[in-house]
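Comments concern the structure below.
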Amino acid sequence: MNASVAIQSLPKAADDEELIRIVDQVIDYIKSTGLNYYVGPFETTIEGDYDQLMDIVKECQYIAVRAGAPSVAAYIKVSYHPEGDVLTIEKKVTKHHQ
């Protein structure tokens, strides 16, 4: 695992319920990838191979639009270590959620 990506998907939506519905579809897609992920209140973090994660980031935008968003913005954070491993979600947050 040489990368970790945090994505905050911000689809344009008519109201909060519509926003949540669209974001939930994006999260469902992330869950379906089989990669390790963590859903937080502002963003979802995913761990895996850099190229695969970049494809997932791209697909998240398409998912939001197919779910009905006329447009979507996203904030992305990337940690990439081509020659080694990144700090895992577990190492970063488990001690705070016991």
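Computed over heavy atoms, backbone and side chain alike; hydrogens, waters and symmetry mates excluded.
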Gap separating the [atom1] atom of [X] from the [atom2] atom of [Y], nearest 0.5 angstrom:
| X | Y | atom1 | atom2 | result |
| --- | --- | --- | --- | --- |
| Ile30 | Thr44 | CD1 | OG1 | 5.0 Å |
| Asp49 | Met54 | CG | CE | 9.5 Å |
| Ser79 | Asp85 | OG | CG | 10.5 Å |
| Met1 | His81 | CE | NE2 | 9.5 Å |

So [Y] and [X], do their side chains get closer than 4.5 Å, heavy atoms only?
| X | Y | value |
| --- | --- | --- |
| Ile46 | Asn36 | no |
| Glu47 | Leu35 | no |
| Tyr80 | Val86 | no |
| Ile27 | Val23 | yes |
| Val5 | Lys77 | no |
| Ile7 | Tyr75 | no |
| Val65 | Gln61 | no |
| Val78 | Tyr50 | yes |

Under the salt bridge (Lys or Arg N to Asp or Glu O under 4.0 Å) definition, can you give me all pairs with a residue in residues 51-69, not counting sequence neighbours?
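Residue pairs with at least one partner in residues 51-69: Glu59-Arg66.
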Please lay out, stage by stage, how Val72 and Ser9 fare under the test side-chain contact (heavy atoms from CB on, under 4.5 Å).
CA-CA 7 Å; Val72 60; Ser9 185; 3.7 Å; yes
Quick one: closest heavy-atom pair of Arg21 and Glu18, and the distance?
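Nearest heavy atoms, Arg21 then Glu18: NH2-OE2, 2.7 Å.
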Might you point out which heavy atoms bring Leu53 and Gly48 nearest each other, and give the distance in Å?
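Nearest heavy atoms, Leu53 then Gly48: CD1-N, 3.7 Å.
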Look only at the side chain of Thr94 and the backbone of Lys91, and say whether a donor-acceptor pair between them is shorter than 3.5 Å.
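No, the answer is negative, given that no donor and acceptor are paired below the 3.5 Å cut-off.
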Shared hydrophobic cluster, Ile56 / Val39 (ILVMFWY, side-chain heavy atoms < 4.5 Å):
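Per the 4.5 Å side-chain linkage, Ile56 and Val39 are co-clustered.
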Is it possible for you to say whether Ile76 and Tyr29 belong to one hydrophobic cluster, with membership spreading through side-chain heavy-atom contacts below 4.5 Å?
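Yes; Tyr29 is reachable from Ile76 via cluster members.
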Glu43 vs Tyr38, side-chain contact (heavy atoms from CB on, under 4.5 Å): CA-CA, chis, key distance, verdict
CA-CA 9 Å; Glu43 64 190 14; Tyr38 179 86; over 6 Å; no
CD (Gln8) with more than 12 external heavy atoms under 6.0 Å
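More than 12 heavy atoms, drawn from other residues, nucleotides or ligands, come within 6.0 Å of this atom.
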Pro11 and side chain to side chain contact (heavy atoms under 4.5 Å, CB included): which single residue from Ile63, Val26, Ile22 fits?
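Option passing the side chain to side chain contact (heavy atoms under 4.5 Å, CB included) with Pro11: Ile22.
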